[in-house]
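Here is the structure we will look at, set down as C-alpha cells.
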Amino acid sequence: MTTYTEQVGTKLNNLLEKTYDAEKGYKKAAENTDHGALKTYFNKRSKERYDFGHELKTEIAKFGEEPEKGGSLTGTMHRAWMDTKAFFAADDAESMLEESIRGEKAAVEEYENVLKDTTLPSSTATVLLKQMNNIKSDLNTIKFLEDIS
C-alpha cells in the first residue's frame, strides 16, 4: 500500500519532471528566436521554471522522498507543458508563442489536479498555488507578446 509520503512525493516528482521539461523548452525557445522581447521573455520563463524546480525539490525532500534528477521526454506520458517535437519544429515567433500558451494552459490544469488532493500539506499547497498563479499571470503576458510579435 502506498503511504501518504509516497503519494505526495510521486505527485510532486511528476510536477518536477514537467517543470524540467518546461525549463528546457523555454531555454530552447530563447535560443531559437531573434525577437528581443521574446528572447527576454523565454529566458525569464526558463529561469522561473528552474526556481520552481528547486522549490519542488525542497518540498519533496521534506517528505523523505528522492527528487527526480531530470525531465522526461519519453512518449509514454503526456507532457503537460508541451509537445517537444511541435515546439522544436516551430520556426517563427507566433508558433512558439502559441505552443507556450498551450503548454501553460496544460501546466495550470496539472497544478489544479494536484491541488485537489486534500492530503497535501499546507506548505506544499502554498508553493503549488503560488507557482500556478505565476503561470496564469504568464499566460496574460504571452497573449500580449503574441499581439506585438
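Separating the CG atom in Leu12 from the CD atom in Gln7 is a distance of 11.5 Å, to the nearest 0.5 Å. One finds the CG atom of Leu129 at 6.0 Å from the CG atom of Leu115 (value rounded to the nearest 0.5 Å). Taken to the nearest 0.5 Å, the OG1 atom of Thr124 stands 3.5 Å off from the CD atom of Glu59. Atoms CZ and CG, from Phe52 and Asn134 in turn, are 4.5 Å apart once rounded to the nearest 0.5 Å. Separating the NZ atom in Lys116 from the CG atom in Asn113 is a distance of 5.0 Å, to the nearest 0.5 Å. To the nearest 0.5 Å, atom CD of residue Glu23 and atom NZ of residue Lys28 are 14.0 Å apart.
Across all non-hydrogen atoms, the minimal contact from Pro121 to Phe63 is CG-CZ, 3.0 Å.
Side chain of Thr19 to backbone of Leu15: a donor-acceptor contact under 3.5 angstrom is found.
For the pair Gln131 and Leu56, the minimum side-chain heavy-atom distance is below 4.5 Å. In this structure, Lys47 and Lys44 have side chains that are not in contact, with every pair of non-hydrogen atoms separated by 4.5 Å or more. A heavy-atom distance below 4.5 Å is found between the side chains of Leu16 and Asn13. By the 4.5 Å heavy-atom criterion applied to side chains, Arg45 and Arg49 are counted as neighbours.
For the salt bridge (charged side-chain N to carboxylate O under 4.0 Å, His left out) test, residues two or more places apart in sequence or in another chain that qualify with Lys11 are Asp117. Legend: residues meeting side-chain hydrogen bond (donor to acceptor under 3.5 Å, both in side chains) with Lys130, ordered by chain and number and at least two apart, are Glu55.
The same ILVMFWY cluster, assembled from side-chain heavy atoms under 4.5 Å apart, contains both Val114 and Met132. Following chains of ILVMFWY side-chain contacts shorter than 4.5 Å, one cannot reach Val127 starting from Tyr111, and the two form parts of different hydrophobic clusters. Under a hydrophobic-cluster definition in which Ile, Leu, Val, Met, Phe, Trp and Tyr are linked whenever side-chain heavy atoms come within less than 4.5 Å, directly or via other members, Tyr50 and Ile135 are assigned to different clusters.
The local environment of NZ in Lys27 is sparse, with at most 12 non-hydrogen atoms from other residues, nucleotides or ligands closer than 6.0 Å. Other residues, nucleotides and ligands place no more than 12 heavy atoms under 6.0 Å from the CD atom of Glu109.
Comment: Lys105 does not engage Glu112 in a salt bridge, judged by the lack of any side-chain N to carboxylate O separation of less than 4.0 angstrom.
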